[in-house]
Amino acid sequence: MSDAIDFKTLVSQIGEAVIISDPDEKILFWNASAERIFGYTSDEALGKTLSIITPERFRERHSRGYFHTIQSGETKYGNTLLRVPAIHKHGHPISIAFSVSMLFDEEKRPIAIVAIVRDETERFQDERQLKEKLAKYEKNLKTS
């Protein structure tokens, strides 16, 4: 086994999306799992901003947080799995979970943000159905 692991080979094979974006929120890297989850090919996504996968109602808040993170060089979500809505290329909503990390240059200035993203749409829908069933069950208990 080789001591070196090729980054591009690794991220092209994993099941989670790997998205790297620059200080202007433009997508620099988009792997095959990002294509599968969001519907955009790498050619379509590269150079676009993250707004292509952010629901319109959250875009301003997302961008504010993104630019604050780039300017401060710190993320409060480094060890947190975030669960948020996203949007597929064809316009339908999806549910994602992701973690973020920052990349820095030699002078410790932030140069990119990396997101590792998983599609949790099915899990989210299953959880919602369970909550609805539980609410109905509890309502029936109160009325009986």
Side-chain angles (χ1 to χ4, degrees), residues 1-140:
M1 183 163 109
S2 170
D3 289 337
I5 296 173
D6 180 59
F7 168 78
K8 286 190 178 187
T9 301
L10 171 67
V11 297
S12 69
Q13 300 297 315
I14 63 175
E16 284 78 22
V18 177
I19 302 169
I20 302 174
S21 50
D22 73 6
D24 294 321
E25 206 179 349
K26 289 190 178 147
I27 299 167
L28 301 171
F29 185 85
W30 185 266
N31 74 346
S33 289
E35 291 184 12
R36 177 181 50 79
I37 292 169
F38 296 104
Y40 292 95
T41 66
S42 182
D43 287 342
E44 292 171 316
L46 294 177
K48 303 287 191 308
T49 67
L50 294 170
S51 66
I52 65 171
I53 60 172
T54 307
E56 190 171 341
R57 68 187 184 276
F58 297 118
R59 287 179 187 160
E60 184 180 331
R61 186 171 75 187
H62 175 269
S63 289
R64 251 194 337 266
Y66 188 94
F67 292 121
H68 174 75
T69 298
I70 285 292
Q71 290 170 356
S72 70
E74 297 178 6
T75 175
K76 61 183 177 181
Y77 302 116
N79 296 317
T80 305
L81 186 64
L82 302 168
R83 288 186 166 89
V84 299
I87 192 92
H88 188 273
K89 175 184 176 179
H90 299 299
H92 62 270
I94 59 175
S95 297
I96 61 171
F98 69 100
S99 58
V100 295
S101 183
M102 297 187 70
L103 300 178
F104 299 90
D105 65 12
E106 299 80 26
E107 285 82 40
K108 306 278 190 250
R109 291 180 302 223
I111 57 170
I113 294 179
V114 179
I116 308 297
V117 183
R118 170 181 327 135
D119 183 353
E120 292 207 339
T121 304
E122 187 175 327
R123 183 205 59 80
F124 179 78
Q125 290 170 344
D126 290 347
E127 190 175 290
R128 179 185 284 169
Q129 288 174 351
L130 283 172
K131 287 179 181 179
E132 288 171 1
K133 286 179 183 178
L134 181 60
K136 286 179 184 176
Y137 175 76
E138 289 174 344
K139 183 179 178 181
N140 288 338

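Just so it is clear, the model here is predicted, and its values are computed rather than measured.
When all heavy atoms of Arg118 and Leu81 are compared, the closest pair comes out as NH1-CD2, 4.1 Å. The nearest pair of heavy atoms linking Ala97 to Glu120 is CB-CD, 3.5 Å. The two residues Val11 and Asn31 come nearest to each other via the heavy atoms O-ND2, 2.7 Å. Considering every non-hydrogen atom in both Ala34 and Ile19, the closest pair reads CB-CG1, 4.2 Å. Here the shortest heavy-atom pairing between Ile70 and Pro110 reads O-CG, 2.9 Å.
Ring orientation note: the planes of Trp30 and Phe38 are tilted relative to one another, at an angle of 30° to 60°.
Arg36 contributes a side-chain N or O that, together with a main-chain N or O of Gly15, makes up a donor-acceptor pair within less than 3.5 Å.
No side-chain heavy atom of Ser95 sits less than 4.5 Å from a side-chain heavy atom of Arg83.
The distance from the CG atom of Leu46 to the CD1 atom of Ile27 is 7.5 Å, given to the nearest 0.5 Å. Here the CZ atom belonging to Arg64 is positioned 12.0 Å from the OG1 atom belonging to Thr69, to the nearest 0.5 angstrom. In this structure, the separation between OG on Ser63 and CG on Leu50 is 8.0 Å, given to the nearest 0.5 Å. Rounding to the nearest 0.5 Å gives a distance of 9.5 Å between CZ of Arg109 and CD1 of Ile111. Expressed to the nearest 0.5 Å, how far OG1 of Thr49 lies from CZ of Arg59 amounts to 8.0 Å.
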* Asked: Where do Phe98 and Glu16 land on the side chain to side chain contact (heavy atoms under 4.5 Å, CB included) test, with the steps shown first?
  -> CA-CA 9 Å; Phe98 69 100; Glu16 284 78 22; over 6 Å; no
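For the side chain to side chain contact (heavy atoms under 4.5 Å, CB included) test with Ile113, the passing option among Val100, Thr75, Leu28 is Val100; the others fail.
A salt bridge does not link Asp22 with Lys26: every distance from a Lys NZ or Arg NE/NH1/NH2 to an Asp or Glu carboxylate oxygen is 4.0 Å or more.
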